[in-house]
Structures are given as structure tokens and as C-alpha cells.
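Taking it in order: structure first as C-alpha cells, then the write-up.
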Number of protein chains: 2
Amino acid sequence: MSRFETSSVNIGEVARRAKVSRSTVSYALSGKRPVSESTRRRIQRVIEEMGYRPNASARALARGETRTLGLVFPPAGNHYTDMQLDFIGGVTEAAAGRDYDVLLSVADAGEERSFQRLIGERRVDGAILMEIRLHDARVERMRESAFPFVTIGRISDPDGTAWVDLDYRTLVRRCVQHLSDLGHRRLAFVNRSEALLRSGYESAHRGQDGFDLAVRELGLNGAAYPCEDDAMGGERCAARILADHPETTGIVTVNEASLGGLYRGITAAGRTIPRDMSVTGIAGARWADAVTPALTAADVPAREMGRIAIDLLLERIAGAPARDRLLVPPIVLRASTGTAPRLAP
Amino acid sequence: MSRFETSSVNIGEVARRAKVSRSTVSYALSGKRPVSESTRRRIQRVIEEMGYRPNASARALARGETRTLGLVFPPAGNHYTDMQLDFIGGVTEAAAGRDYDVLLSVADAGEERSFQRLIGERRVDGAILMEIRLHDARVERMRESAFPFVTIGRISDPDGTAWVDLDYRTLVRRCVQHLSDLGHRRLAFVNRSEALLRSGYESAHRGQDGFDLAVRELGLNGAAYPCEDDAMGGERCAARILADHPETTGIVTVNEASLGGLYRGITAAGRTIPRDMSVTGIAGARWADAVTPALTAADVPAREMGRIAIDLLLERIAGAPARDRLLVPPIVLRASTGTAPRLAP
DNA sequence: TTGAAAGCGCTACCAC
DNA sequence: GTGGTAGCGCTTTCAA
């Protein structure tokens, strides 16, 4: 007999074969009531023989909890980045460790449909939201509904919400500081895409703030550029930077997906990294390592953030007050930054 | 017991307020029985007023289907690649389009636990398996259980299973052919990692077959190398290739994650791509574009494969016989290949 | 230590 | 065109 048939066995069948009531089987499984050792064993044997597994839908209905968490991530178009994949992996693994499943949902800022599926139909006990905007309709929606959720990234006024975020502001400032320490005086900031910025994309805005602030504080010259999330965007951006300010010798980027193109554009202009141009920023370690010379950067601890998100969410589900975590990973020195050249080339 | 009273509106409440029976509400929603226009409207109004959404668990229990599909992907350790993320995105979006949700499950080859959660507890109506091995315990398990599933990639003897795969054999042959046409005579093949090969990783083996075959047919010299899935692996691999056979002028790679390192290694050895060394292979478009010069490669249509997987799976769930799709995307000419140098450097 | 039975919220059959 | 109601498979009181 196929394993599949046997798994449509239900608790009644087990009870009959073990000559006990269904409740006893249930309690033997949950341990919520003492069951004599002998019957417990008998039940266990039958369960193994028949390959019984409690039906998740029935259990969810009876218990009022699904043991499933929602992971809301944006539809493509804007490409997925490595970071996002690592979030997904981190979240899923951490959830599995706590005996939760993860239900994926593609939903853009305003997407009502998927919200209704997840929360309205009670498919999940809580949700994690990725790709947060400073003013995010999804977050407001969740807040109103008093549904447990955690954001990866944080809204403009995050008080009372649970979130885990990278401190883009501080990280970008540190990058600027690093370049300043190396003697660079004219910097450029490569941000995420124009569209993302317009939509109020959180990390893009806070990164920009950090850049503006640091440049001002340190008395440097700086210009910021939005950049499409792909190699082509990076090339174009490099060209613009060098056209606008040929004396630029340092670049800070938060746009990992354009990194290859950025390098290509710089090289195409006859400059060598890091001799003529230093580059640093925030990126997934894989991207930072993929380019030559490898990028000195703050590595996004995406996997860890996924884990943290799960922890915070489970706390919320258990009724605890909202907590948050702001991470500031160290800048890893690789090979893409050096002292500023004496003369602007 | 659920803590969220707001959505504890149920069908009975709606029925009472609309002064009809619960069955009528159900039928008004499903359309499986004619309902007079006037009552339909009345019901609709009440539903909107109260923000009623049918509870997914209850519905799943009653209907015997969850409208959820499982996506089984391997735990990290071996890094996730871009390709995998695009699969996930493609699968999730396609599923959403058909009104299905996607439940993520990290499960390695032998992982029983997650199989039981997904299939045993009937959390999903069908499953998609990624990262297939030629002999894959998960696939056998599914096969036995007669549970609807589709693999991305195919096992050694895939007859009777539903799958979508890239024709690595043909694609690698085409790459070899391409290099041969350009006059290259000594080639190297950069495969996935040793560990993956040992585990019988499908695409790695079929790619290798294609390489061996093509090299023989075309009367070329070739050597194959396993390579770790990261930049460091690529560097090491480049070094080995050039040490073993300095006369190598063409490389075929199926290891996108090591691409940056491979380039770096080649460059570090004083060779220029494509003047002294041509590189081609199979990779996600983003990786191919990220390196300089951009990689001439067959772009993995991961998103499309995700969509196809969903189609095939829904067919299976509907009871149709297993189908499969073998894809052979074209090689996109970029900038990393050129005619063989006259003299080996 | 165990059993009986009342739900959980929805669907779909059987009646009218 | 509509209502009543028996399940779906499990959990958890209430009783013994």
C-alpha cells in the first residue's frame, strides 16, 4: 500500500485500532493530559504502523492557529537581489527550527488581495514584511488590524512596530568617513533606482541622509545619483559621475546589483580601482566578492536578519510588546579602496 | 483561541444579518448554485460591511484541498544562487495568478521531517522540488506516495514524473561548439562543486556529459574541474586550469556564483578576456552582465521555469498525466569570447 | 486514567 | 431559489 493512502488515515481510525477514544489519541500526541504508559505505547505503535499524521487544516481550525507565518515580498520588475533571497532563506530556516512553515506572498505596497488571503482568511498567525517604504500602506493596514507582524526595514515613524533593520544612515556615514580618512575629497553616492526613491523606499532614503550628513560634517564635496538595479544602470551611473565631476575619486554605493556595471563604467573611462577611484558601500558578501577588485563594504547580514525577524514575530504572536533591532555590521576591508591620488586624473 | 476578534466574523453571522441560511451565503460566494439577484446583493452588502472573509482552514477542511502548493528547496550551506531566487519568484507569482499560495520548505535530499509536514499533514495540494539529484530520495518518496509533484531538474530516469529542466547537455555542447568555431582547441570545463557532484547533482552531471561528448566529437582537448560556488572557488579554479594546461584558451562554466573569481584568477595570471582567453557557459543574466567583459552565455530562464512548473503541477493535481518540458535557451552573445589567439601565450 | 460529545467554520448534499 | 444539516478531522471541555 502506498504511503500516501496511509497518510489519509485519521485520528478515529487510529483510536479504533488502538481500542481507545479519539481524545486519548489526541492527548497521547499532545501530552496535554497524562496517558498511561501502556496505552501510550499501544497508540504509538498503531500510529507508526498506519503512518498517521494529524491533518493540519483540521488542527488549525480546532486550535485557532495555523503554525504558519506569512512572508510578504514585492513582485519582480524591480529585480530581486541576493539579499532578498538570503532573507527568505534565513526566515524559512529559522521558522522551521521553531516548527513553523512560511507562506510566501508577493504583494506590492498597496496590494490588498494578498493581504486578504493571508490575514483576512487567517492563513497565517503572523507576517513578515520586506522592502519597506517610509510610508507603507501595508504596514498601516497591519497596524490597524492588530495583526502580529514584523518589518525588515522600518517605516518613517516606527514606534510601536516590531522591526529589524540595517542602520543605513550610520553605515553610509562610515563609508564616507573611511574615504575621507584616505584623503578623498570629492565623492559620489550611488543609490537605488529613481523609481524606488520616489516610492519612498526606506533604505534608499536613509542611506542618502547618511551621505548628505557625512559629506557636510566632514567638509567634503559630494553628489548623489539614483541608479537602476542592474549592470547597465551601473555603467550609465559611472559615466554620469565622471562627466559631472571628473575630479571624483571616491564612490559609496548601496546598489549591489549595479556593481558590476559600475566597475565596468569606471574602467571604461580609463580609471583603475582603487588607484584612481576608490569604491565602497553596502552589499551582500557575494556581490562584494564577485567584482574585481573585491569591494570593501559592510556586508548585509541578511540571513541573520531573517532569523531575528522570526524571533521578533514569535514574540508578538505570543502577546509580547513590539521590539526592534538595528544592526550595524562592520565594514569589511577588501581591495577596492585606497589613498586618494595626488592629482585628480 | 485567536486573539483577533476583528476577523472572527463567520459565515453564520453573515447569514443571520442577511436573513438567509449559511448555505445560501456559501453559494452566493462560490456561485455553485444560482442565487437570486436580490439576495445576492443583500449578502454582498453584509459581507462588505462586516469585512467577512471565509476562513481558509475551515474551507480547506471542508473541501479537502488547501489551495496551497509546496516549494521544497535545499537548506543553505551550499549558497543560494540568483537562479533559485528567480525560481521562487516565478513560482510564487504564477501560483498567485492561479489563486494558490506557496508554502516554503527547506529540505535536503533525505529530509523526512519537512516531507511529513507538507505532505503527511496535508498542508499542500502538490509540491515543487528544486535542486534535483540524479537519484533523489525526495522524488522516490513522492513517487511512492502518489502525491502530485513537479521537479525543477530531472532525475536519472524521469519517466512518468513531471518536470521542467534546462538541457544542460545540449547547452554545454553548444558552448563547446561555439568555442570550437572560434578556433579554440584546448578547453576547460568549470563545473559545480565537488560535493554537489558527489551528491549526484543533476545539472552538474549532465553538463559534464555534454562537455565530454562535445570535446570528443569535435576532436578537441578538454579537462573538467569541479569548483566551489563562490568567488574564491573561481580564483582557485582559474589557477588550476592555467597550471595544468597553460595552452587553454577557452573555458565553459556552469558555475555562475564563481564567475567573478574565475575572471579575477584569469586576469591575475596576466591574461585578458577575451583576447587570450574566451569564457562562456550557462548563467543567470544578472551574473553574466555583472562581470567585465560580460559573459556570452545561455541565460537561465528561471522565472519562466517557475511558471512552467506551476502549470505542470496544477495539471497533475487536476489528475492529468505527467508532462515535462526541456528548455534550450539561446546563447546570448556578449563580450567574453573571441577568436583563439594564434599562439598559446 | 479514560470516554463522550460539543464545537472550530465551511461546503455540499438532500429537501422543499 | 432557498433552508436544514451532516460531515471534514481535530481539540478540549465535561463527566465518569
Side-chain angles (χ1 to χ4, degrees), chain A residues 5-44 46-47 50-68 117 119-123 125, chain B residues 1-44 46-47 50-68 117 119-123 125:
Chain A
E5 310 289 349
T6 65
S7 97
S8 60
V9 174
N10 62 29
I11 198 171
E13 192 72 12
V14 173
R16 196 166 322 126
R17 294 273 251 266
K19 301 199 191 313
V20 292
S21 73
R22 301 183 319 166
S23 50
T24 301
V25 175
S26 177
Y27 285 121
L29 239 37
S30 70
K32 289 185 182 171
R33 190 168 86 172
V35 171
S36 81
E37 189 52 27
S38 65
T39 53
R40 225 192 52 72
R41 281 240 265 268
R42 190 150 30 93
I43 290 171
Q44 196 52 45
V46 174
I47 284 178
M50 314 186 67
Y52 167 74
R53 298 257 113 197
N55 176 301
S57 303
R59 177 174 275 185
L61 182 57
R63 290 219 272 228
E65 63 166 35
T66 60
R67 295 225 60 111
T68 301
R117 280 185 74 83
I119 283 75
E121 300 179 7
R122 308 208 103 43
R123 256 168 231 273
D125 299 336
Chain B
M1 201 59 216
S2 159
R3 305 186 5 254
F4 308 99
E5 310 303 337
T6 55
S7 140
S8 65
V9 184
N10 60 30
I11 199 171
E13 194 70 14
V14 173
R16 197 166 321 125
R17 294 275 250 266
K19 301 197 191 317
V20 291
S21 72
R22 300 185 316 163
S23 51
T24 300
V25 175
S26 176
Y27 286 120
L29 239 36
S30 70
K32 288 185 182 170
R33 191 168 86 171
V35 172
S36 83
E37 190 51 26
S38 66
T39 54
R40 226 191 52 71
R41 282 238 264 268
R42 190 150 31 91
I43 291 171
Q44 195 53 43
V46 174
I47 284 178
M50 315 187 66
Y52 168 72
R53 294 260 114 195
N55 177 300
S57 302
R59 177 175 272 185
L61 183 57
R63 290 220 273 230
E65 62 165 37
T66 60
R67 293 239 119 200
T68 300
R117 280 186 75 83
I119 283 74
E121 300 179 5
R122 306 202 106 40
R123 256 168 232 273
D125 297 337

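All values reported here derive from a predicted model rather than from experimental measurement. Just so we're on the same page: letters track the sequence lines, and every chain starts at 1.
Nearest to the side chain of B/Ser26, among D/dC10, C/dT11, D/dG3, sits C/dT11. Among C/dG3, C/dA12, C/dG9, the nucleotide with an atom closest to any side-chain atom of A/Ser21 is C/dG3. Here C/dC10 is the nucleotide among C/dC10, C/dG3, D/dC10 with the atom lying nearest to any side-chain atom of B/Tyr52. Here the nucleotide nearest the side chain of A/Arg22, chosen from C/dG9, C/dA4, D/dC10, is D/dC10. Comparing C/dT2, C/dC10, D/dG3 by their nearest atom to the side chain of B/Ala62 picks out C/dC10. The A/Arg59 side chain lies nearest to D/dC10 when the options are C/dT2, D/dC10, C/dC10. Relative to the side chain of B/Ile11, the nucleotides C/dT11, C/dA12, D/dG9 differ in distance, and C/dT11 lies closest.
Screening residues 29-39 of chain B for salt bridge (Lys or Arg N to Asp or Glu O under 4.0 Å), with sequence neighbours left out, gives B/Glu37-B/Arg40, B/Glu37-B/Arg41.
One atom, CZ of B/Arg63, and another, P of C/dC13, lie 13 Å apart when rounded to the nearest Å. Atom CE in B/Met50 sits roughly 14 Å away from atom C1' in C/dG9 (whole-Å rounding). The distance between atom CD1 of A/Ile43 and atom P of C/dT1, rounded to the nearest whole Å, is 13 Å. Atom pair B/Ile47:CD1 and C/dC10:P shows a separation of 10 Å (rounding to whole Å applied). As a whole-Å value, the separation of A/Leu61 CG from C/dG7 P is 14 Å. Rounding to whole angstrom units, CZ of residue B/Arg16 and C1' of D/dG4 are separated by 15 Å. Regarding A/Arg53, its CZ atom lies at a distance of 12 Å from the P atom of D/dC10, rounded to whole Å.
Within the 4.5 Å cutoff, the side chain of A/Lys19 has heavy atoms near those of the A/Arg42 side chain. With contacts defined as side-chain heavy-atom distances shorter than 4.5 Å, the pair B/Leu29/B/Ile47 qualifies. A 4.5 Å side-chain heavy-atom check between B/Ile43 and B/Tyr52 finds every atom pair outside the cut-off.
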Exercise for the section: In sequence, state the C-alpha distance, the side-chain angles, and the governing distance for B/Val25 and B/Val46, and then conclude on side-chain contact (heavy atoms from CB on, under 4.5 Å). Expected result: CA-CA 10 Å; B/Val25 175; B/Val46 174; over 6 Å; no
Practice task
Carefully, step by step, assess A/Ser23 and A/Ser26 under the rule side chain to side chain donor-acceptor pair (under 3.5 Å).
Solution key: CA-CA 5 Å; A/Ser23 50; A/Ser26 177; over 6 Å; no
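For the helix from C/dT1-D/dA16 to C/dC16-D/dG1, the rotation axes defined at the first and last 5 base pairs enclose an angle of 40°, given to the nearest 10°.
Judged by distance alone with a 3.5 Å cut-off, no donor-acceptor contact links the side chain of A/Tyr27 to the base of D/dC10.
Looking at residues 32-42 of chain B, you'll see B/Lys32, B/Arg33 sit with a heavy atom under 4.0 Å from some atom of DNA chain C.
Look at B/Ser23 and you won't find any side-chain N or O under 4.0 angstrom from OP1 or OP2 of C/dA12. Between C/dG9 and B/Asn55, no contact under 4.0 Å exists linking OP1 or OP2 to a side-chain N or O.
Between the side chain of A/Thr68 and the backbone N or O of A/Thr66, at least one donor-acceptor pair lies under 3.5 Å.
Residues A/Ala60 and B/Ser57 come closest through the heavy atom pair CB-OG, 3.4 Å. Contact record, A/Glu121 with B/Arg53: OE2-NH1, 3.9 Å, taken as the closest heavy-atom pair.
Enclosure of atom CZ in A/Arg67 by more than 12 non-hydrogen atoms of other residues, nucleotides or ligands within 6.0 angstrom is indicated.
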